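To start, the structure itself, in structure tokens.
In this text the structure is predicted, and so the values were computed from the model without any measurement.
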Amino acid sequence: ITARACWAVASEVPLFILPFSEDFLFLVSGDITQKGYEKKRAKLLAPYVPQTQDIHTEAVQAALAKHKEQKMALPMPTKRRSTFVQSPADACTPPDTSSASEDEGSLRRQAALSAALHQSLQNAESWINRSIQGSSTSSSASSTLSHGEGKGTSGSLADVFANTRIENFSVPPDVTATTSSSSARPAAIDLPPSGIVKGMHKGSNRSSLMDTADGVPVSSRVSTKIQQLLNTLKRPKRPPLKEFFVDDFEEIVEVPQPDPNQPKPEGRQMTPVKGEPLGVVCNWPPALEAALQRWGTTQAKCPCLTALDVTGKPVYTLTYGKLWSRSLKLAYTLLNKLGTKNEPVLKPGDRVALVYPNNDPVMFMVAFYGCLLAEVIPVPIEVPLTRKDAGGQQIGFLLGSCGIALALTTEVCLKGLPKTQNGEIVQFKGWPRLKWVVTDSKYLSKSPKDWQPNISAAGTEPAYIEYKTSKEGSVMGVTVSRIAMLSHCQALSQACNYSEGETIVNVLDFKKDAGLWHGILTNVMNKLHTISVPYSVMKTCPLSWVQRVHTHKAKVALVKCRDLHWAMMAHRDQRDVSLSSLRMLIVTDGANPWSVSSCDAFLSLFQSHGLKPEAICPCATSPEAMTIAIRRPGVPGAPLPGRAILSMNGLSFGVIRVNTEDKNSALTVQDVGHVMPGGMMCIVKPDGPPQLCKTDEIGEICVSSRAGGMMYYGLAGLTKNTFEVIPVNSAGSPVGDVPFVRSGLLGFVGPGSLVFVVGKMDGLLTVSGRRHNADDIVATGLAVESIKTVYRGRIAVFSVSVFYDERIVVVAEQRPDASEEDSFQWMSRVLQAIDSIHQVGVYCLALVPANTLPKTPLGGIHISQTKQHFLEGSLHPCNILMCPHTCVTNLPKPRQKQPGVGPASVMVGNLVAGKRIAQASGRDLGQLEDNDLVKKHQFLTEVLQWRAQATPDHPLFLLLNAKGTTVCTATCLQLHKKAERIASVLCDKGHLNAGDNVVLLYPPGIELITAFYGCLYAGCIPVTVRPPHAQSLTATLPTVRMIVEVSKAACILTTQTLMRLLKSREAAAAVDVKTWPTIIDTDDLPRKRLSQIYKPPTSEMLAYLDFSVSTTGMLTGVKMSHAAVSGLCRAIKLQCELYSSRQIAICLDPYCGLGFVLWCLCSVYSGHQSILIPPMELESNLFLWLSTVSQYKIRDTFCSYSVMELCTKGLGNQSRGINLSCVRTCVVVAEERPRVSLTHSFSKLFKDIGLSSRAVSTTFGSRVNVAICLQGTSGPDPTTVYVDLKSLRHDRVRLVERGAPQSLLLSESGKILPGVKVVIVNPETKGPLGDSHLGEIWVNSPHTASGYYTIYDNETLQADHFNTRLSFGDAAQTLWARTGYLGFVRRTELTAASGERHDALYVVGALDETLELRGLRYHPIDIETSVSRTHRSILCGCEQEALDLVPLVTNVVLEEHYLIVGVVVVVDPGVIPINSRGEKQRMHLRDSFLADQLDPIYVAYNM
């Protein structure tokens, strides 16, 4: 917001920032020819040009090279050093580098471009300029990239360098144009480079070039950054604006029009593709359990499964005989030994959980087959590590919905589970109560000879349940039937051509997916020997799987791209391994678009070790459809399958286009082979009904086969949408009646029926109607030199919904040794790369400390949990970069104000914009008789003298201390006598003349009142000033000094204590104490009578000056005449029905405004007794005010918002015998919009001790008139209305129902005082407005101040604010005063005292404080209210949570106010300055921020 406020300044002054890279400084230090420059440059860059590059890294480098010649102009965030203490590098264990997104390309980056090159290659401005037009980027969005082009990289990069010019300045952008691309630069850019720095000394320091907008060299961090920020923000990405604001409430957002050039599918409708028939082999078993029985009894010695220890050495081999006998024992135990004979715990068909660690495949396999033999349904899950694992609660939900009461595990695993203090296993969050059964052999019972398991032919009954985590984080159980399990094993055996006795190496998780299907199930079907390499071994010895293949001459290996990558990293350790035995290297995440780079890189490295190119077999799998497609093992010498080189731009529109233009935005994908035997495949649209795609369209792959999941356990609705899909044609009629299963993968069927996968439904990010793949974005991020800054594979990409669209968020773990600059550099480059390659803006990029992102069981990032942390504000990032300006392109149209408002508009206004002119008035003073006091006594001094004679002993004032005891009283006579003595001192000691100004410096109390009347008696003009605070003299004394100077005071009246303070050494450090005027202390006064009490010649003479600091930080003094004083006291007396028999309690600051009037003037005029409670006494006794009200049975009490807040927050429900049923009016004295939530919570809190909900109300006053509204005793209760915030921004008032979206609750600011008239006026045209308009409140009343008291007496301001006329209308002859506050008048259904309908005045906010943004008017308090709701840490958080606030604040302001926040500053509690009325001093705060005086915890500049 602050940045927006400064925007105007920056765009008027052209600003040149010349960022130099160290290496290129010589280019401006002397003339150089173009040729010489290019030679020198090429020589300089030679060491950094990479020799070999992976496709994607190469694309990213080239994309970044496009943004040539200027370093990023993005300002770095400012962070307080103490905030994020990173642990030293050696103390910090690097996190696991695997993840759900660990398998992207960019595997090799031996020769990285150096930082110098990179800095010179970035030009943020061209990047941001280019992104203004959505369509202009599509030209750079497609290209071909064939495999043979990798070797030409160095040449092509050199070409890029040779054709670039280093331009050492940026032309100030033309902010008037609505569309601009970087090519449309002014011709002036071709000036010779040396021309711009003509006046500079050649050796001048780079920092001296960094000037602010007015050419002043910058030393402070913050202001430089603000300046840089303004440069960066000159042209936010936004569609061209329409001409006029269309006032349609439904149309909130600008809907981006579809690009007419976007590619559309042109092919015919696809036909389902069939796989080869499933061959009938005579010896295939009728069920998988039958295969186990056969091998277990006939081939008992054959090895089935080998487990490795932590070093990667074989530790145990399970034979088929052992597997059979142990599974039998377990099946018998499960069915017969857990309960009693009549009440068994388990019955066939029950579900049980299998909880086995990843390094114990043997126990898992026995348990799995034991369950199958016992006909109970195994549900393999991960071992829970803590009570609150990431995603653990959802696993608990799965267990509960499956009705699981029993969990099988090993003895070792059971011992390792987290326990309570009495040794029981903890209750995991969200889990049902489980009975744990240990399946180690020694605890199992041998089955009797006559007991045989029931092995029937496989049918549709469930065999096992595999868990699957959805995009939102919920966990579902995919149920696999026995026939599907068997068919899938047959299809895999046929596709992979397995033969009995082959050895396979499995690096995958054996509990689910391909690891389970190949390593546990198909294994037994074909009597294979599986060597299981656990994840823990891979972490310590990444080459272990390659060594196992070598040692065991394995025919097949099951891996992920991650394992290929790790093996390459560790390749140097092992020279003599041979992979020649491999006929299939099954890459199970071949569906990942970036797997192609991993496969190519692995092949190029290990071909020399015997790896055959045709052995690489990518496959695509999903929990629902199981194996979708797999590349069959190739024949040596046969041509390798082709690849698709697709346009990223086409893909984002869901269309297949071969790339022909820009190879940077190409995606190379490899096929995943053909459809599985016995299966049929079709591609349907990812959203809406399952309509068949066209042949050149990307869609979701659906499979129909016996070998697939049958349902999500217990979720019938979801099951129907996923497992029973009947595709439809473009007319919407079904195609055939065969149900298909949705696989969750996006892809297409290419030439030769090859299947290509380009992404997952779960990773789909749909931004502004275009589809992007999370994995693609991760890969682009990784291809930017990430090694120094973040961990590979510890990057999460997801989208969050903000302001009617999805926004992309990138979160990465930062290395502990990464510097701020490195991180920031990397972040800004990632933004550029993603923008360039994907043509999509990143909304937020956050770096978190190492090892802090929630993990999946295998060490990957738990995406949905990370997203939840981000949205809750519990991610605790250590670096954050928000870029809302480039992403948010759907903001509503800015409002164009219509010119010209004349009398005719009022007629229109009457018809359209309201029923009547917005004006209201209090009761008429003429009709109100008020005994003869007013007629007899024109002046307050006369009233006091009259009271001193008539009722000398009537107490007017009681002052209480913190204990609630009376410390001082003043009767009419005492007050009169003391005032006389002060007046005589002023004349004698001060030698003052009538009309001299006297500053009164007193703590709140009766001395202040006596000094005030003493001044009036002497004919002097009193100026009440809040005394300086002894503990913070430097902050408070300058204000006192300023008022003394501005008021030209001839004398200061004060107490002895304060007099000593004013002349103290501490005071001398803050101000010049020698220049104080005469200081008189009034503690010991001589008993001298005044010869004559001064009587002013006319009532228009000045009575006192009222000085106050406004919320905008302006110190203003207004002049109050004697007539105004009498008029004001009379209006208050009538409104509140004040008589001498009444008592009121006042807990207010008595220095200005209505607080001063109530404290010092009203009692003397009306004769009632005032009980004075200094607000500072409440700090030591919170009960003081309310207990006084209760004790004295006070009917009317006055307080400030700060007092009310103290009581609401501090007292809670402790009432200590207080009874507030006597209170008729409790009035909050304020000059702002009523704080409805505070008054409501106060009323609610004290309702139980008798406070009537109707009692609490507020006043409204301003500088020009200190009391315009005051609730009083008679008249209707204060009313509240809900108004539409959107209309309010257009200066219109539209009432809505409670609970309506975008509604704001406003309360009436009390009743208008007698004799006061208000009218609502357009502040620009000064014409009256209709009652449905928001406008400035103008006031006319006898007690309006006479004008500003200024040194230079600025007449124009005076006339404008105090004596101004409407430009037209009935009331144009009246003289009005402008309050400077916006509000509206509304006629209510209630009846006023006069018998007419009551007009309520609603105050919305100060005109000076409003922010005019995008043609709309915003009130800071509304934005602040939204922000304060976002996070519990606001006002009470720790510094570590500071950065969590940045995205939350940006989100809420965008969602609720349609504004993009420019700068978010997080400061310590108490830094925001507040005035005596408890109002925020926003302008002071802004100035302190710009002057870099805040010491912020964090400053985030939103790009």
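- The residues E700 and R742 are annotated as salt-bridged, a charged nitrogen and a carboxylate oxygen being separated by less than 4.0 angstrom.
- Side-chain contact between R657 and L646 is absent, with no heavy atoms from C-beta onward closer than 4.5 Å.
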L323 vs V524, side-chain contact (heavy atoms from CB on, under 4.5 Å): CA-CA, chis, key distance, verdict: CA-CA 10 Å; L323 175 60; V524 168; 4.2 Å; yes
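- Cation-pi check for K301 over Y320 is not met; the charged atom does not lie both under 6.0 angstrom from the ring centroid and within 45 degrees of its normal.
- Taking the six-membered ring for Trp and the full ring otherwise, the centers of F602 and W545 sit less than 6.0 Å from each other.
- A salt bridge does not link R562 with D589: every distance from a Lys NZ or Arg NE/NH1/NH2 to an Asp or Glu carboxylate oxygen is 4.0 Å or more.
- Using modelled atom types, one finds a donor on one side chain and an acceptor on the other under 3.5 Å when comparing E375 with N454.
- Ring centroid separation for the pair F723 and Y712 comes in under the 6.0 Å cut-off.
- In this structure, the side chains of I395 and E382 stay at 4.5 Å or more apart for every pair of heavy atoms.
- Annotation: side chain of H529 is not in contact with side chain of L305 (no heavy-atom distance under 4.5 Å).
- Within the 4.5 Å cutoff, the side chain of K511 has no heavy atoms near those of the L516 side chain.
- For the pair R632/H674, a side-chain contact is recorded, criterion being any heavy-atom separation below 4.5 Å from C-beta on.
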Check against side-chain hydrogen bond (donor to acceptor under 3.5 Å, both in side chains), R351 and Y713: CA-CA 11 Å; R351 274 84 43 215; Y713 193 89; 3.1 Å; yes
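- We find that E624 and K468 are joined by a salt bridge, their nearest charged nitrogen and carboxylate oxygen being less than 4.0 Å apart.
- Side-chain contact between F740 and C682: present, with at least one pair of heavy atoms (C-beta onward) separated by less than 4.5 Å.
- The neighbour count for K612 NZ, taken as heavy atoms of other residues, nucleotides or ligands under 6.0 Å away, is above 12.
- Ring-plane geometry between H488 and W517 is classed as perpendicular, the angle between the planes exceeding 60 degrees on a 0 to 90 degree scale with a lower cut at 30.
- Nearest heavy-atom pair across P534 and N358 is CB-O, 3.5 Å.
- The shortest distance between side-chain heavy atoms of N523 and Y498 does not fall below 4.5 Å.
- Between K760 and D775, at least one side-chain nitrogen of the basic residue sits less than 4.0 Å from a carboxylate oxygen of the acidic one, meeting the salt-bridge criterion.
- The heavy-atom pair separating M710 from V480 by the smallest distance is SD-C, 4.4 Å.
- Remark: K322 NZ is loosely packed, at most 12 non-hydrogen atoms of other residues, nucleotides or ligands lying under 6.0 Å away.
- Panel note: side chain S401, backbone L398; a donor-acceptor pair is recorded below 3.5 Å.
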